[in-house]
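The structure under discussion appears below in the form of structure tokens.
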Amino acid sequence: MKEELDKRYEPAAIEQRLYQFWEEGEFFTPDADPERPKFSIVIPPPNVTGRLHIGHALVNTLQDIVVRWKRMSGFNTLWLPGTDHAGIATQLMVERDLNKQGISRHDLGREGFEAKVWEWKESYGHQIIDQLKRLGASADWTRLRFTLDEGLSRAVRHVFVTLYNDGLIYRSLAMVNWCPHCRTAISDVEVEFHERNSRLYNIDYPVAGSDRKLTVATTRPETMLGDTGVAVHPDDERYKDLIGLEVILPIVNRRIPIVGDAILVDPAFGTGVVKVTPAHDRNDYEAGLRNNLAQLQVIADDGRMNAAAGAEYEGLDRFEARKRVIEKLEELGALAGSKEYTHSVGIHGKCDTVIEPMISRQWFVKIEPLAKPAIDVVRDGTIQIIPQTWESTYFNWMENIHDWTISRQLWWGHRIPAFYCANEHVIVSETDPSSCPECASTDIRQETDVLDTWFSSALWPFSTMGWPEETPDYKTFYPTDTLITGFDILFFWVARMIMMGLRFTGKAPFSYVFLNGLVRDEHGQKMSKTKGNVIDPLDVIDEFGADAVRFTLAIFASGRDIPLARSRMQGYSAFANKIWNAARFAMMHIDVDLKSAGSIDRDSLRIVERWILSRLNETTSTVNKALSAFRFDEASNAIYHFFWHEFCDWYIEMSKPVLLGKHGTEDDKRKAKRVMLEVLDRSLRLLHPFMPFITEEIWQKLGGVEPSIMVAPYPIAEEVLEDSEAERIINAVTSMISTVRNVRAERGFAPKDRFKLYVSAHGRDEKFFSDYAYLLTELARLDAVILNTEPPAGAHHDVVAGFTISIEFPPKEITKEQLEKTQREIEKAHKELGVLDAQLGNEQFVNNAPPAVVEQARSRKAELTARIEKLQRNAG
RNA sequence: GGCCCCUUAGCUCAGCGGUAGAGCGGCUGCUUUACACGCAGCAUGUCGGCGGUUCGAUCCCGUCAGGGGCCACCA
């Protein structure tokens, strides 16, 4: 071997080359071996025109970790990638671009516009895919899907038609959330409520034929133009006599009825009188139906007032109309005051426009029959949501679910497979009908609305596998195993996939849902362009390497929000460099590669080698367990700690005397090299899912049998490698070394000063400390280790890991500070001893506590007693 | 109003019944032949307050106080 590595790890130099090697080697594509168990996962499809942001980086890093882990663990693994057509988002983006050129989508017409968006998709659709590749994502790109692909579109049509025929899709006039900017209906979950400062206006409505007036309050005065009634509580003594009379609506001077409505009106709230605008308010709509009030639409699709609002207001934007109405009311003396008011306002998150409730004919999914079984599978554990605390949120939402508005008045999306004939008969069909089955009319036109993007995403786990055909992929890989996504789309996506999956495949689409948190900045603030605290994953990949970015995301990923800091990524790029240099050191000494290295004769190993293998074994066990439980943080932490602080800090240092020929036989050296190679190999494989690039690069230089580390077997813990004896003794050695270093620094000696160490050890331990004294002399920089001999007067005494030791220093004045420090330590030990004495003196403790705990307390007491005695000698 | 989460070292967080931990930052040494993106050492905590359960509580239960999230309501 003896191959030289560069002194520093340069990620940019290898990442692209290795990714290309993987892709060309077809390592991401599962084989057709039906003997091996399968593992499958589908990507949460990013928007096709999107750009990779840090949230994508997180969710895809976690998926890739799981996928690489499973693949190496022997599963026939499929990670199925794809993109989403993202109806509104994409349409808005393309429209914005057209607007810059002074073109509106209406200039192009529907077909022309659609063609334009497809052009966009061709130009920018691969961008996010390329960016995922830079992250190291090992998805099977040969199976790349897009929600508007023909196959997926057919699944969409099939589901729509089936649900329609089952009576679960209906078309109806109803109050919906209308976005005047996008000019489409949107579903309830798409409405975001934000607190806004506003004013609450009181308006006097004179009662017709009386000198009384009713005062109503509103934050939306312009809607009064569409009022068709006022309501009071039927039992309200103040007003009940007025029910059945009319008020005269100011400005428009229309007479509208006073009705009694116990549901709409809370007599204790405000004036106890409510203006009723059935066409522009959800509650008023219901109240209007109950009381036979007219529905008068005064706001048009585009958010401007229409002719029904009156000539004075027609054509004005609703907010401009609001101002004018207030002015007019003041002028008429009908404004009875106003006050500042904070309330939540429905906003369309995609375009930041205030939602206008509107009556409109839309398509809906009757959701309750779909929700029930979807609740059951989570309740009975068929699907597990992790962290589990999200389950109550899921239940809460599913149990109060409303019908799903699925039609969108957009051009970009799956056009609803419904048709109307000249006689307005509705034909719902997967294929285009040539004539109406009811009236034989051949004058057929298709519904112009498209479906909510989430309608197609809801089918993603099976539509991507070729469903409704029973394709080999569908049979092999559906249902999938795990879903990893953000909690923010639990309702939008996860819940709907569960409902649709159960309904159409009869199976839960996955068994585990891991919901990751939000990536925030280092102080827990949301990342936003305006705050300027956004971390661009591509920037940090350039700066620190993909492995460091991935590792940082993983080590924070426990399901909570992630406070991401550049300093952490810098820290883990240092870790990558550490790995690189450990490998560099190893390769300077190791002279066999993995292919030709024989097996290890464990029985003949020296204790240092037994120890590191035992530590690695425990790490392996921790990592596998943690990954099974989606504890990415615990898994990555365990490897980090092992590699840096056990393997590098201790094992490599302890192996140097042997490797450099300062100690031991040629055979010892050969074994040390073999174990060094073993630990490096296993560590790299263990680490590969987290840091795929650097591990591949080094592992290939070590000459692995498999063509790539990504298809080498993932380490599993083996009981034979557990070695408590080695752990006990090496723990004592490292503790002694730390104590010597510590005391050396405390007493103000230089690192080059050498001392003698006296250790009292008996039986097998005496043999050990005699054979392995070099570990102490080399690492603690000692002259000699002297066993079971009375140390000279003035030596420093201590008890470490059960062994009494003394350090013989050259004569040097002990300072006051040092004495005080010793006193503090004695006090601390006394305090702990006091606690132990109290415990052991307590019959309840001795009788009730587990024997191991009592035993531990006894031995700790013995050690503390001995230690206090030694420390007191140090203090003179 | 309903549900959920958080409060532990200067910062960001692990730990969740048996002697308080990590990373970053700070301080002191060290050009030790893998790595100064390094090595060694040091410091700092009434584990938010108050009760309770327990032989024992940072950990379990109750309660109060701060902070955050989701849903519903908001004339």
Side-chain angles (χ1 to χ4, degrees), chain A residues 5 7-9 189 193 195 200-202 215-220 230-231 264-266 269-277 281 283-284 341-345 387 389-393 395-397 400 487-488 490-491 517-518 520 522-524 544 548 555-556 558 560-565 567-568 570-589 633-634 637 640-641 645 648-649 652-653 656 660 737-738 741-746 748 750-752 781 821 828 831-832 835-836 838-839 842-850 852-854 856-857 860 864:
Chain A
L5 295 181
K7 206 168 170 180
R8 276 178 74 153
Y9 172 56
V189 277
F193 285 92
E195 290 278 303
L200 182 69
Y201 299 91
N202 287 328
T215 304
V216 299
T218 182
T219 52
R220 299 191 296 153
V230 291
L264 183 68
V265 184
D266 171 6
F269 189 98
T271 56
V273 186
V274 183
K275 64 190 271 306
V276 187
T277 321
D281 182 279
N283 293 321
D284 292 5
Y341 195 65
T342 303
H343 66 141
S344 55
V345 176
T389 164
W390 286 107
E391 287 186 0
S392 50
T393 304
F395 292 136
N396 190 30
W397 189 73
N400 298 292
F487 67 80
D488 51 325
L490 177 60
F491 305 145
L518 222 62
R520 296 169 174 276
E522 57 201 296
H523 297 292
F544 304 112
I555 211 158
F556 276 110
S558 62
R560 297 189 176 292
D561 285 356
I562 294 173
L564 193 65
S567 63
R568 294 298 293 248
Q570 195 169 17
Y572 296 116
S573 73
F575 179 47
N577 193 55
K578 187 77 183 176
I579 296 163
W580 187 256
N581 275 288
R584 185 162 166 256
F585 172 81
M587 288 163 70
M588 288 171 177
H589 295 94
D633 55 334
E634 216 175 286
N637 235 324
Y640 178 89
H641 181 262
H645 299 303
C648 290
D649 287 353
I652 288 184
E653 293 308 318
K656 276 180 183 173
L660 299 174
I737 293 166
S738 294
R741 287 169 173 170
N742 176 336
V743 177
R744 183 199 309 272
E746 294 279 320
K752 61 181 190 307
R781 296 189 177 220
K821 161 109 191 187
K828 205 177 143 198
K831 211 171 150 190
E832 197 187 330
V835 172
L836 289 170
Q839 277 187 333
N842 182 342
E843 242 178 84
Q844 302 270 36
F845 172 76
V846 179
N847 294 338
N848 295 332
V853 172
V854 178
Q856 198 190 328
R860 179 71 184 156
L864 273 177

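Note on naming: letters A, B, ... go to the chains in the order of the sequence lines (proteins, then strands), and numbering restarts at 1 for each one.
- No contact: A:T342 has no heavy atom under 4.0 Å from any strand.
- At whole-Å resolution of the value, CG in A:D561 and C1' in B:G69 are 8 Å apart.
- Residue A:V273 is in base contact, counting any heavy-atom pair closer than 4.0 Å across all strands shown.
- A:L200 comes within contact range of the sugar-phosphate backbone alone, with a heavy-atom separation under 4.0 Å but no base atom that close.
- Residue A:N842 contributes atom CG, which lies 13 Å from atom P of B:U54 at whole-angstrom precision.
- Backbone-only engagement by A:A217 is indicated by non-hydrogen atom pairs under 4.0 Å involving sugar-phosphate atoms exclusively.
- If you take CD of A:E634 and C1' of B:G21, they are 14 Å apart, rounded to a whole angstrom.
- With rounding to whole Å, A:F487 atom CZ is found 7 Å from B:G69 atom C1'.
- Here the C1' atom of nucleotide B:U19 and the CD atom of A:E832 are 4 Å apart, to the nearest Å.
- Residue contacts for A:A574: at a heavy-atom cut-off of 4.0 Å it reaches a base atom on one of the strands shown.
- You won't find any donor-acceptor pair under 3.5 Å spanning the side chain of A:K821 and the base of B:A43, going by distance alone.
- Applying the 3.5 Å distance criterion, the base of B:A40 shares no donor-acceptor pair with the side chain of A:E653.
- Looking at heavy-atom distances under 4.0 Å, A:S573 makes contact with a base.
- Within 4.0 Å (heavy atoms only), A:K7 reaches sugar-phosphate atoms of the nucleic acid but no base atom.
- The residue A:R741 sits close only to the backbone: its heavy atoms come under 4.0 Å of sugar-phosphate atoms, none of a base.
- Residue contacts shown for A:D266 include a base, since a base heavy atom lies under 4.0 Å away.
- Put simply, A:F269 rests on the base of B:A75: the two rings are less than 5.5 Å apart at their centres and nearly parallel, under 30°.
- A:K578 comes within contact range of at least one nucleobase, with a heavy-atom separation under 4.0 Å.
- With hydrogens and angles ignored, a donor-acceptor pair under 3.5 angstrom links the side chain of A:S344 to the base of B:C73.
- Base contact: A:R781 has a heavy atom under 4.0 Å from a base atom.
- As a whole-Å value, the separation of A:L564 CG from B:C13 P is 12 Å.
- Within the 4.0 angstrom heavy-atom criterion, only backbone atoms of the sugar-phosphate kind lie near A:N283; the bases stay farther away.
- Taking atom CD of residue A:E746 and atom P of nucleotide B:A43, one finds them 7 Å apart after rounding to whole Å.
- Among the protein residues, A:Y9 comes within range of no part of the nucleic acid, since none of its heavy atoms lies under 4.0 Å from any strand.
- With A:F585 as the aromatic partner, A:K656 meets the cation-pi criteria of under 6.0 angstrom to the ring centre and within 45 degrees of the ring axis.
- Checking side-chain atoms of A:N581 against main-chain N and O of A:N577 turns up a donor-acceptor pair under 3.5 Å.
- Between the CZ atom of A:F395 and the P atom of B:C70 there is a distance of 21 Å, rounded to whole Å.
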